[in-house]
Amino acid sequence: MTDVTPKTKDDLFAFLDGLDIKHCTKDHAPVFTVAESVALRDEIPGGHTKNLFVKDKKDQFFLLTVEENATVDLKTVHTLIGAASKVSFGKPEKLMEYLGVVPGSVTAFGAINDTGGNVTFVLDVDLMEDETINCHPLSNDATTSIASSDLIRFMEATGHKPLVLKVTS
């Protein structure tokens with residue numbers, strides 16, 4: 001493990017600006033679950049996300065980013081994402097080490113902290129149909145809106161080629 005300080009919200013915004021990616025952020029009280037964030041729907045249009053940080057038995061890590069109300073079958077999703085076995089949730093220590101976030105703040109924007117390419121990012125195809133995707137900007141006290149095509153551009157700029165797959169039912 002390296003002792004690299006995770007990037008902050010401001011680092012993320014500077015990175016997006018450097019890519020000429022339009023983004024809009026709304027600060028709010030910290031939210032830890034999808035249920036807690038429902039009150040923000042009227043204020044923030046677009047697709048809202050749920051993120052599942054999972055690993056297989058070979059310690060391959062994946063971040064599944066899906067629409068907040070979608071269901072992911074953890075017993076079968078491994079067959080879709082290229083995992084070596086059924087998946088289980090990754091430990092908070094690995095979440096911090098690889099994505100620079102704590103539980104409750106998990107986000108596709110964590111790709112900016114995965115400089116070692118330890119995580120495979122999976123974006124659900126249904127979520128990507130939304131023009132605008134909303135994710136936490138590395139902390140759960142704000143929501144950042146970005147075009148779905150720009151989310152892919154962001155990930156590619158961090159050295160990741162996200163898989164866009166149907167992983168929800």
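Residue numbers count from 1 along this sequence. Small disclaimer: the values here were computed from a predicted structure and weren't measured. Only this structure's heavy atoms are used, side chains among them; waters, hydrogens and symmetry mates stay out.
For the pair Val102 and Leu95, the minimum side-chain heavy-atom distance is 4.5 Å or more. Two residues are said to be in side-chain contact when any heavy atoms from C-beta on lie closer than 4.5 Å; Thr168 and Thr71 fail this criterion.
Side-chain polar atoms of Asp141 and His28 form no donor-acceptor pair below 3.5 angstrom. Side-chain atoms of Asn134 and Ser145 include a donor-acceptor pair closer than 3.5 Å.
Contact check on Lys9 versus Asp27 returns a salt bridge, with a Lys/Arg side-chain nitrogen under 4.0 Å from an Asp/Glu carboxylate oxygen.
Dense packing is recorded around CD of Glu156, with more than 12 heavy atoms of other residues, nucleotides or ligands lying under 6.0 Å away. For Lys166, the NZ atom is densely surrounded, since the number of other residues' heavy atoms within 6.0 Å is greater than 12.
The side-chain contact (heavy atoms from CB on, under 4.5 Å) test with Leu64 is passed by exactly one of Asp124, Leu80, Ile81, Leu123: Ile81.
Minimum heavy-atom separation, Asp130 to Gly47: OD2-CA, 3.4 Å. In plain terms, the two heavy atoms of Pro162 and Met155 that are nearest each other are CB-SD, 3.6 Å. Contact record, Val119 with Leu63: CG1-N, 3.6 Å, taken as the closest heavy-atom pair. Between Pro92 and Pro103 the shortest heavy-atom distance is CB-CG, 3.9 Å.
Ring orientation note: the planes of Tyr98 and Phe61 are nearly perpendicular, at an angle over 60° on the 30°/60° scale.
Checked against the 6.0 Å centroid threshold, Phe109 and Phe154 count as a close aromatic pair. In this structure, His23 has its ring center closer than 6.0 angstrom to the ring center of Phe13.
Put simply, the side chain of Thr8 gets close to the backbone of Asp11: a donor and an acceptor are under 3.5 Å apart.
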